[in-house]
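First listed ligand is number 1; within each ligand, the first listed atom is number 1.
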Amino acid sequence: MIRTTPDGAGEGRTSGGDSGSKRTAFDVVVIGGGPGGYATALYGAAAGLDVAVLELDKVGGTCLHRGCVPAKEFLETATVRRAVAGASTFGIGPAAGDPSPEVRFEVSQQRKQQVVDQLFRGLSGLMKGRGITIVPGTGTLLPGRRVRVTAADGSTSELEGANVVLAAGSLPRTIPGFEVDGTVVLTSDEVLDLEHVPASVAVIGGGAIGCEFASMFSDLGASVTVLEALPTILAGCDEDAAAVVARSFRKRGIDVHTGVQVTGHTPVPGGGGTVVSFGEGGQVTVEAVVVSVGRRPRSDGLVEPGTGVVVDERGFVVADAYMRTGEPGVWAVGDVVAGTPQLAHVGFAEAIVAIRSMLGEPVTPVDYGAVPWAIYCHPEVAYAGMTEAAARAAGIDVVVKKDPFGGNSRARIIGETDGLVKVIAERRPDGSAGRILGVHMAGPWVTEQLGAGYLAVNWEATPDEVARFVQPHPSLSETFGETVLALTGRGLHVG
Ligand code: NAI
């Protein structure tokens, strides 16, 4: 099979080698089988390329085994408990004031694992069906697009790729003074293996992961404290959306401290928890600490000296808009790439860009400023495009409209009225709203509602264009429709 790359790397190369595990030469060797890596493999195989994926654990990576999927499954458990606890307001179940519903966490764990295992089997089958070779082991890029494979028993072998894709992903960051022990100090990796719900939890870092776990533990009955260094939780989100979550957390008794540095912790003598110190003399005694202060690239030992691949001072692999590294024929996708959002779906998008670039096909680079974000705490947050603050900081004159879910009939029906939709548009010289720059949502099922907003931002649509489209009634999506209509200057409900 003849493959060319924009660099000319791999040109004229044939995918040869023996069949089965003895094969050593491929069109594409992918190091890492997470979302970035498996999407590269699936898309590449769909394009007829002969692909090998090196994976040191299980294909599916952090997202499937230690991140998005199991975390969202537990968040669904939390949602079910919240629904059961609130059932009496619908006239269902025990009278208000009865003991809150029991959580049998071992059942939740089993269910979570079933979901993960089913998806893992599905993914493995799909990869096998496409003829992708999965090689167990840890990969290291050597000069000449060779890859050393170190197996679990320490033995090594080598593969060669006409192209090599670095997709090694990321690991939870930790902070000094908080050694992860899996029982008291946890990262997202360990939280997902807990056997019971701790009675009290301190969450360090109020970003996406921190807010999801804070929300989940609170809904499962734990008392939760969030300790965030910045002045707000969810600092990357639009401030109105972040404020919805902050308000909801407060109402549910989650103790949020912002603008505080965490200085250390002292285990309670005899076990059973630890005292976390923060800010100016603040202390909280908890059974468990969840450290969610970001993720670092998994690039230790990924690239041997002698290639043109640049790894920056923080360990991220530098790639251009076409996912090319500094070494011809070597590409990078996913969380390991410098300066890009660490999101599974960004990995999927980059995989497509990498394969199409490799094949010399027309390709549109990922627009990182307009990718969808979805945070699954309660209430959920979802957005695409610029925040109001970012637009103003960039010197853009904007028109902004917000519509709270409180006025939405479906939100009233389901009893989930916290939240809003906010749309930010460029102000035209005549003062009217032009191109939609950002759509921000907080509230019920907004991670499923973002689609229309995502399209509006990425299609560079104007409110007049989008407001023509009809939303079903009664539906949560009417709030987006109404916000956009209001931007035309004539909202039905929003002025
Ligand atoms: P993050 O970077 O989103 O948030 C970490 C937070 O910790 C920041 O607000 C930071 O100010 C704070 N922080 C850092 N050091 C601290 C300290 N010593 N004391 C107190 N606060 C401190 O990282 P997070 O939440 O760990 O997520 C990692 C990556 O995974 C992110 O890129 C995130 O976007 C992605 N992710 C996305 C999800 C989603 O979209 N649903 C879910 C989970 C993760």
Side-chain angles (χ1 to χ4, degrees), residues 34-36 61-76 169-178 180 185-192 202-216 225-237 239 241-242 245-246 249 255-265 276-279 282 284 289-298 314 316 334-349 368 371-384 440-442 446-448 450 454:
T62 298
C63 172
L64 178 52
H65 299 288
R66 293 176 303 283
C68 321
V69 172
K72 268 88 247 183
E73 202 283 340
F74 277 150
L75 278 155
E76 200 52 35
S170 63
L171 294 167
R173 262 187 62 211
T174 51
I175 43 179
F178 287 84
V180 176
V185 181
L186 318 165
T187 68
S188 52
D189 285 1
E190 293 76 30
V191 168
L192 297 168
V203 175
I204 304 179
I209 295 183
C211 286
E212 288 185 353
F213 282 140
S215 182
M216 178 189 98
T225 306
V226 177
L227 303 170
E228 166 58 54
L230 293 175
T232 69
I233 57 168
L234 296 176
C237 300
E239 60 186 340
V245 176
F249 277 14
D255 192 16
V256 178
H257 297 260
T258 53
V260 293
Q261 286 294 331
V262 177
T263 46
H265 75 113
V276 179
S277 306
F278 59 91
V284 60
V289 180
V290 177
V291 181
S292 48
V293 295
R295 298 181 63 86
R296 64 183 172 85
R298 191 175 193 147
R314 296 174 61 214
F316 290 97
D335 282 9
V336 83
V337 177
T340 60
Q342 292 175 310
L343 298 167
H345 47 274
V346 167
F348 297 152
Y368 293 108
V371 298
W373 288 79
I375 303 170
Y376 298 78
C377 54
H378 174 74
E380 294 183 345
V381 177
Y383 64 96
H440 301 266
M441 301 177 166
V446 294
T447 54
E448 297 293 337
L450 182 66
Y454 170 78

*asked:* Between I204 and F278, is there a side-chain heavy-atom distance shorter than 4.5 Å?
replied: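 A side-chain contact is absent here, since even the closest heavy-atom pair is not under 4.5 Å.
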*Side chains of M441 and E380: closer than 4.5 Å at any heavy-atom pair?*
no
*Consider only side-chain N and O atoms of E190 and T187, and report whether a donor and an acceptor are under 3.5 Å apart.*
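Yes - a donor-acceptor pair under 3.5 Å links their side chains.
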Only pairs under 3.5 Å count here: list side-chain donor-acceptor contacts from residues 335-346, not counting sequence neighbours, and write none if there are none.
unit_1	atom_1	unit_2	atom_2	d
D335	OD2	S170	OG	2.7
T340	OG1	V337	O	3.3
Q342	NE2	R295	O	3.4
H345	NE2	P372	O	2.6

To the nearest 0.1 Å, how far is [atom] from its closest protein heavy atom, and which atom is that?
{"atom": "atom 26 (O) of ligand 1", "answer": "G294 N, 2.8 Å"}
{"atom": "atom 38 (C) of ligand 1", "answer": "A208 CB, 3.7 Å"}
{"atom": "atom 31 (C) of ligand 1", "answer": "Q342 OE1, 4.1 Å"}
{"atom": "atom 13 (N) of ligand 1", "answer": "V293 CG1, 3.9 Å"}
{"atom": "atom 34 (O) of ligand 1", "answer": "W373 CZ3, 3.2 Å"}
{"atom": "atom 4 (O) of ligand 1", "answer": "G207 CA, 3.4 Å"}
{"atom": "atom 43 (C) of ligand 1", "answer": "I209 CG1, 3.1 Å"}
{"atom": "atom 8 (C) of ligand 1", "answer": "E228 OE1, 3.5 Å"}

Spatial distance of atom [atom1] ([X]) from atom [atom2] ([Y]) [nearest 0.5 Å]:
{"X": "Y383", "Y": "L234", "atom1": "OH", "atom2": "CG", "value": "8.5 Å"}
{"X": "C237", "Y": "I375", "atom1": "SG", "atom2": "CD1", "value": "4.0 Å"}
{"X": "I233", "Y": "L227", "atom1": "CD1", "atom2": "CG", "value": "12.0 Å"}
{"X": "L192", "Y": "F74", "atom1": "CG", "atom2": "CZ", "value": "6.5 Å"}
{"X": "H378", "Y": "L75", "atom1": "NE2", "atom2": "CG", "value": "11.0 Å"}

*Test item, A374 contacting ligand 1 (heavy atom, 4.0 angstrom)*: yes
*Among S292, A229, G205, whose heavy atom sits nearest atom 5 (C) of ligand 1?*
S292
*Which option out of I204, V346, V290, L234 puts a heavy atom nearest to atom 19 (N) of ligand 1?*
I204
Run the numbers for me: atoms of ligand 1, each under 4.0 Å from some heavy atom of [X], listed by number.
{"X": "L343", "result": "37 (C), 40 (O)"}
{"X": "Y376", "result": "41 (N)"}
{"X": "I375", "result": "41 (N)"}
{"X": "L230", "result": "11 (O)"}

*With backbone taken as N, CA, C and O and side chain as the heavy atoms from C-beta onward, which portion of L227 lies under 4.0 Å from ligand 1: side chain, backbone, both, or neither?*
backbone
*Quick one: does ligand 1 sit under 4.0 Å from the side chain of E212, the backbone, both or neither, non-hydrogen atoms only?*
side chain
_Shortest non-hydrogen contact from S292 toward I209_ = CB-CG2, 3.7 Å
_Using the ring-ring contact (aromatic ring centres under 6.0 Å, His included) criterion, which residues pair with F316? Sequence neighbours excluded._
none
